Amino acid sequence: MTDATSPRPTLKYDPAAIQAKWLPVWEELRPFATDDPDDKRPRKYVLDMFPYPSGDLHMGHAEAYALGDVIARYWRQQGFNVLHPIGWDAFGLPAENAAIKRGLDPRGWTYDNIEQQKSSMRRYAASFDWDRTLVTASPDYYKWNQWLFLKLHERGLAYRKASLVNWCPYDQTVLANEQVIDGRCERCDNLVVKKDLTQWFFGITKYADRLVDDLNQLEGTWPSKVLTMQRNWIGRSSGADVIFAIEGRDEPVSIYTTRPDTLYGATFMVVAPDAPLAAELVAEGSDELRERFDAYLAEVKAQSDIERLATDKEKTGVFLERYAVNPLTGERLPIWAADYVLADYGHGAIMAVPAHDQRDLDFARRFDLPVRVVVDVNQPVTGMIPVIPEGADLEDLPELDPLADGKALTGPGRLINSGPFNGLSKNNAITKITEALRSSGLGAPAKNYRLRDWLISRQRYWGTPIPIIHCPSCGEVPVPEDQLPVELPSAEGLDLQPKGTSPLGAAEDWINVDCPSCGGPAKRDSDTMDTFVDSSWYFLRFLSVGDDTQAFDPKQAEKWAPVDQYIGGVTHAILHLLYARFMTKVLFDMGLVSFTEPFSALLNQGMVLMAGSAMSKSRGNLVKLSDQLDEHGVDAIRLTMAFAGPPEDDIDWADVSPAGSAKFLARAWRVAHDVTSAPDVVWKNGDAKLRRITHRFLADAPGLVESFKFNVVVARLMELVNATRKVIDSGAGPADPAVREAAEVTAVALNLFAPYTAEDMWEALGYEPTVALVQWRKADRTLLREESVTAVVQVDGKVRDRLEVAPNIDDASLESLARASASVVKAVGDKEIATVVVRSPKLVNFVTKR
RNA sequence: GCCUCUGUAGCUCAAUGGAAGAGCACCUCCGUCCUAAGGAGUUGGUUGGGGGUUCGAGUCCCUCCAGGGGCACCA
């Protein structure tokens, strides 16, 4: 029926069939296992942020794991032994809330979801090492959370203190600062209130400097956006502590300022109304003053954070009828209490310099306080050179009157009204005045941080129990290491409803224990740990899953860690990454790891949107991953994720075409099936043009993958397939060796994006599975060279001629060729040539005299 | 308000300071009993606007416009 002239019957590309065909083969082959101790390949650790098992996988997971898998598969093709594990961040509120709602144990709900996600990931063909999974909710994981807690406790890095903490009235639990977004609970979006409670903290502020400084190591391999966010969050600033005497008080008061140069411009002092100092200062005042202060304090405390943070809010405050003394001038400064000064930053008190600080200026204008300019910003300086614009009329310079125009002068300048410091530049004055204060014992250089210690205790059930026993006679007693883990008791019979105290407190059999120290009756700590503790070190546990003698084996850490490439959403740009970085430094100090940063490189993938907005059930724009997989096949979805754009950009599902991806895969697949030559054909006899395209691709793709330009790789692959098709249909034909070569390269490259299709092509081309372990072929450099290139000849920048020349032509020959061109001669006419720019072999430009 | 990134074909993106390109989509044609798959081909641009540096600017500088992100009483 078929003869030479009729088209070959079109083969049917059936994604469902090839998925069913290859999945069991791979399960059998275990191509991604990393358990061979004799493996001599160099190592790479590629890690995707592990998922929270809140249901089946969704489009966001599909994107993240598609992109992470490109990287993992790529490094295998480059000859690396790639560790690419997966686990579950399985503790936390959603499981507990779901359990309450459905009357189930969080355990069952969590593990059911894990099973579902696991089977979806397998079908999705993510190249995970399935022998290295972990679940943070399992006792053999959280035992080591508890162990770490005890280690931090030993080092004074885990401690309990009473403080005003963020409290979510809906979830009935405390929250870390990091979990409060715009004054609202990160999880449930309800307004957060402040509560005075005794809670457990990790001393992350002790590491603040290192957490900032070590970010420099990550410059270039982490998104600069994330580095900025980390720096902002830690919020290091430097300046000076200045000691002010207080009239009628024995003890002086320290304030912190970043602008010691403006000390002569201080016209009043402000203390935080909720700081102990404020209460003390009014204690001896009139009844009327105390009443006014108490009313103000009550008002401030009643404010939600969201109200306090409103920047356009008018300044409020109360004059405390007391005075401080400027240590350099002896000037009396009235002391006010105002809520724009925070009790828990610096010393809870400031010197106010309204001329040079916008907040102080707003306050001064509101309460008619004096404003004195001490830095003349009309004399700005860079280094030693004044930069007043040349010819500027000094009379025309703007008046220095912040009181009138409401704008504080924050820029550089020279000091005025500052006694012996007049004439110094701002930066110079900062040094000089700080030094003057230090030598007379009135101050010292100081640093401050926005970062606060990490509040880790939670009054909820579904988390790691804190391994501390409270004994009436011995106090806080750590659970001895050999008694770990402190297992979470069954939820059965416990009321998990949030009520402000941990549900564990009601587990009588569990909470009451003998004190490990004195043997007397004692109680376990009933709080559980923030789940960010779990995820702060999980990347190390993957190296030693199943080891019940240690959290991780330092020798394995030496071998694999730190993570070479971490992949995850930008939503974790602050919280998770900061905590993992902190924990790594603690482990470094303990001598357990030899590195100080956990993730050498970070890739943030964007989100998957639908028609411009985030997908959600309530919006009714939810695209179900399982539907997409059923309709288009796994490979088409993975390819769509990679092709949609740069990984860090959001993908709008309304803008992409999974059907188009499937069409391309079918084309590629058919090309492989059209190949008629045998695997041992001699490449060099193949079509030269196609071979050049193939080898260009081989040469370019690695660099593109390594710079995460997956979309460009896919576009290049499409070009390659189109070119191959052309040779098959209207060129040298399907038997040409170049066609086979191109098809093989396509199969190997497609393994990155579409592993099922790639495997099936590989089989059609006559090879055994699995294509995932086939090495990337080196490009043949000699094929990349063009035998001739087009040189552009310009006259005065306008293209006048094009010349076909040898790629290695020298400047002189190219110039004389160009000079000989008729169109050049015509364009130059009788004008004189002034300059000739030669950039062989691509360009000659004759510039004429004008 | 401050800082920052990005504006190139309908969409997604390329282009060491040297000819403005690719993929997808669109359109036309071939093919087919019909439809679709499949194949061939053609369109498509003031590189957000303006100014500057340069022999030469998408690329460097200034400015404006638009969008994204971050920070926003942390002294």
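Since the model is a prediction, treat every value here as computed from it, not as a measurement. Here is how names work: the chains are called A, B, and so on, in the same order as the sequence lines, proteins then strands, and each is numbered from 1.
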**B/S/- contact track for nucleotides 3-17 of chain B, protein heavy atom under 4.0 Å** = --------SSS-S--
**Prompt:** Is A:Asp700 paired with A:Arg716 through a side-chain N to carboxylate O contact shorter than 4.0 Å?
**Reply:**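 Yes, A:Arg716 and A:Asp700 are salt-bridged.
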In whole angstrom, give me the gap between the [atom1] atoms of [N] and [M].
N	M	atom1	answer
B:A57	B:G51	P	13 Å
B:A19	B:G58	C1'	14 Å
B:U43	B:A22	P	12 Å

**Asked** Would A:Lys315 count as a cation-pi partner of A:Tyr340, with NZ or CZ less than 6.0 Å from the six-membered ring centre and within 45° of the ring normal?
**Response**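 Yes, a cation-pi geometry.
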Quick one: [X] [atom1] to [N] [atom2], roughly how many Å, whole number?
X	N	atom1	atom2	answer
A:Trp653	B:C24	CH2	C1'	14 Å
A:Leu843	B:A57	CG	C1'	14 Å
A:Asp796	B:U54	CG	P	15 Å
A:Met718	B:A22	CE	P	15 Å

**Request:** Could you tell me whether the side chain of A:His356 and the main chain of A:Val374 form a donor-acceptor pair under 3.5 Å?
**Result:** yes
**Item:** Closest nucleotide among B:G18, B:G23, B:A19 to the A:Asn722 side chain
**Value:**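 Looking only at side-chain atoms, A:Asn722 lies closest to B:G23.
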**Request:** Could you work out which one of B:A75, B:A40, B:A22 sits closest to the side chain of A:Arg725?
**Result:**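 Minimum distance to the A:Arg725 side chain belongs to B:A40.
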**Asked** Could a donor-acceptor pair under 3.5 angstrom be found where the side chain of A:Thr790 meets the base of B:A19?
**Response** yes
**Request:** Run the ring-centre check on A:Phe268 versus A:Phe363 and record whether the distance is less than 6.0 Å.
**Result:**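 Under 6.0 Å, so yes.
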**Item:** Pairing residues for A:Thr790 by the side chain to side chain contact (heavy atoms under 4.5 Å, CB included) criterion, not counting sequence neighbours
**Value:** A:Arg802, A:Glu804
**Asked** Contact class for A:Gln794 vs. all strands (heavy atom < 4.0 Å): base, sugar-phosphate, or nothing?
**Response**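 Base, at least one base atom sits under 4.0 Å.
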